[in-house]
Amino acid sequence: MLKRPEPLTGAVSEDGIEPTDAIGPGRYGRLAGPLSLLGLPIYVWQGIGMRRRSLRLSPPPGPVEGRFDGQEPEIRVLVIGDSSVQAVGANRQEEGLAFQIGRSLTEKSGRAVRWRAAGFNSATVPQLTLRVLPHLEPRDFTHIVVSAGINDAKNWHGARRFKRDFGELIYALRARFPGAQLFWNPIFNLRLVPGLPPQLATVLDMRAELLTRRARQLCRERGMNALPELRAVEARGFSRDGFHAGAAGYEALGSHLADHMLAGDETISDRTAEI
C-alpha cells in the first residue's frame with residue numbers, strides 16, 4: 001500500500017532532536033486553535049459515532065520489563081505513557097513500544113539495555129503524574145521516554161491546561177529520577193490514522209498540534225528532549241482497530257525513537273565508537 005503524504009513538522013536539528021531556538025510552524029500555523037473550534041460539531045457528532053462503533057482492544061499478555069544483553073554499562077530505560085506503552089494493538093507485550101525501544105537501543109549501540117514499561121489505556125498526562133509515577137518502584141533509570149498527549153487532545157484538553165499538566169509531569173520526573181535523560185515521543189499526524197473519519201481526524205490533528213506546540217516549548221525550557229515525530233506512517237502499521245499501532249507499527253516507532261535517542265546522547269555515542 002502506498003504511503004500517504006509526509007506531514008510538515010517543526011524544525012529539527014542535525015542530530016534529530018528538537019533545537020533549543022525553534023519550535024517550527026507545524027501544519028496549521030497559529031490557526032490550529034480557532035480552526036479546531038469551528039470543527040467542534042464534527043468532533044461531537046463523529047466522535048460519538050466512533051465511540052459506539054470502535055473495536056475495544058485489551059492490553060496483551062507478557063512481561064512489562066526485561067533485559068537485552070550487551071556491553072556494559074547498562075542502559076536502563078523507562079517508557080511511561082498511554083496505550084502505546086501498554087502495547088495495545090499487539091499480540092504480546094514483546095511486540096510493544098517499550099520492548100522495541102529496548103531491542104533497538106541494544107542493536108544500534110551494542111550496549112546492554114534493561115527496559116520497563118508503565119503504560120495504561122486512555123491515560124492522560126495528569127493521570128501519569130498523579131496515578132502512575134508515584135507508584136513506580138525507585139530505580140536509577142538512565143533514560144525515560146514519555147509517550148503521551150494523544151488522549152489529552154482526544155479529550156479536548158485546552159492548551160493552557162495541557163501546558164500546566166505537561167510541565168508538572170516534567171517536574172515530577174525530574175524530582176523522582178534526577179539522573180535520567182528525558183525524552184518525549186510527540187503526537188504524530190492524526191490524519192494518517194486509517195480508523196478515523198477524515199473530518200474527525202483533521203479536527204483532532206488540529207487539537208494535537210495545539211498541544212504539541214506547548215509541549216515542545218516546555219521541553220525546550222525544562223530540559224526534556226522532544227523527539228521528531230514519525231513520518232513514515234503506513235496503514236499496515238496499525239492494528240485491526242485502525243487506531244492503535246500493531247506489531248509492525250511499534251517496531252518502526254521503536255527503531256525511530258532509538259535512532260534519535262542515540263543521536264542526542266553523547267554518553268552512548270562515545271562508548272559505541274569504542275566497541
Side-chain angles (χ1 to χ4, degrees), residues 58-151 166 168-186 223-225 227 244-245 247 249-262 264-265 267-268 271:
S58 300
V64 295
E65 60 182 311
R67 187 180 190 274
F68 294 96
D69 294 331
Q71 297 285 338
E72 297 293 335
E74 178 184 75
I75 300 170
R76 296 176 297 279
V77 59
L78 167 67
V79 187
I80 181 173
D82 50 31
S83 56
S84 63
V85 182
Q86 208 175 21
V88 173
N91 295 316
R92 296 279 303 174
Q93 288 291 332
E94 294 91 330
E95 296 175 344
L97 182 59
F99 180 94
Q100 296 294 352
I101 290 175
R103 182 170 68 177
S104 293
L105 286 173
T106 293
E107 291 177 349
K108 297 172 188 295
S109 72
R111 297 268 294 276
V113 174
R114 187 175 298 278
W115 61 274
R116 167 78 161 92
F120 295 89
N121 213 349
S122 301
T124 60
V125 166
Q127 287 174 331
L128 296 178
T129 304
L130 298 175
R131 307 299 181 192
V132 179
L133 189 55
H135 300 287
L136 289 175
E137 65 279 10
R139 291 191 188 179
D140 54 342
F141 292 108
T142 58
H143 298 73
I144 297 176
V145 180
V146 176
S147 183
I150 189 170
N151 289 313
F166 195 79
E168 289 177 351
L169 176 60
I170 296 176
Y171 280 149
L173 289 169
R174 283 276 178 225
R176 184 76 185 273
F177 306 108
Q181 294 191 59
L182 305 182
F183 300 88
W184 179 54
N185 170 35
M224 174 180 266
N225 298 297
L227 299 168
H244 293 93
Y250 286 129
E251 182 178 6
L253 180 57
S255 178
H256 166 81
L257 296 178
D259 277 337
H260 293 289
M261 289 170 67
L262 292 172
D265 188 342
T267 64
I268 298 180
R271 293 186 181 275

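By convention here, the first residue in the shown sequence is residue 1. Every value quoted in this text rests on a predicted model; they were computed, and no experiment measured them.
A distance-only check finds a donor-acceptor pair linking the side chain of Y250 to the backbone of V88 [under 3.5 Å]. The main-chain N or O of A112 is never found under 3.5 Å from a side-chain atom of T106 such that the two would form a donor-acceptor pair. Between the D82 side chain and the S84 main chain, a donor and an acceptor come within less than 3.5 Å of each other. Side chain of N185 to backbone of V146: no donor-acceptor contact under 3.5 angstrom is found. The closest donor-acceptor contact from the side chain of R114 to the backbone of E74 lies at 3.5 Å or more, if one exists at all.
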Which pairs of donor and acceptor atoms, one on a side chain in residues 132-139, lie under 3.5 Å apart (sequence neighbours left out)?
from : atom 1 : to   : atom 2 : distance (Å)
E137 : OE1    : R116 : NH2    : 3.3
E137 : OE2    : R116 : NE     : 2.9
E137 : OE2    : R139 : NE     : 3.1
E137 : OE2    : R139 : NH2    : 3.1
R139 : NH1    : E65  : OE1    : 3.2
R139 : NH2    : E65  : OE1    : 2.6

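Atom CG of L257 sits about 7.5 Å away from atom OG of S147, to the nearest 0.5 Å. The structure places CZ of F120 at 13.5 Å from CG of N151, a figure rounded to the nearest 0.5 Å. One distance of note links CG of L253 with CD of Q100; it measures 9.5 Å at 0.5 Å rounding. The line from OG1 of T129 to CG of L169 is 4.0 Å long, rounded to the nearest 0.5 Å. A distance of 12.0 Å separates CG in L97 from CD in E251, rounded to the nearest 0.5 Å. The CD1 atom of I80 sits 9.5 Å away from the CZ atom of F141 when rounded to the nearest 0.5 Å.
The shortest non-hydrogen separation linking L78 to A118 is CD1-CB, 4.2 Å. When every heavy atom of N121 is checked against every heavy atom of S83, the shortest pair comes out as OD1-CB, 3.1 Å. When all heavy atoms of A180 and H143 are compared, the pair lying nearest together is CB-N, 4.2 Å. Scanning all heavy atoms of the two residues, the minimum distance from S109 to I75 falls at OG-CD1, 4.1 Å. When all heavy atoms are compared, the tightest approach of G89 to H244 is CA-CB, 4.3 Å. Nearest approach of Q93 to A87, heavy atoms of both residues: OE1-CB, 3.6 Å.
Ring-plane geometry between F99 and F68 is classed as perpendicular, the angle between the planes exceeding 60 degrees on a 0 to 90 degree scale with a lower cut at 30.
Residues M224 and F166 have side chains in contact (heavy-atom distance under 4.5 Å, counting atoms from C-beta outward). By the 4.5 Å heavy-atom criterion applied to side chains, M261 and Q181 are not counted as neighbours. Under the 4.5 Å side-chain criterion, counting only non-hydrogen atoms from C-beta, K108 is in contact with S255. At least one side-chain heavy atom of P63 sits under 4.5 Å from a side-chain heavy atom of R92.
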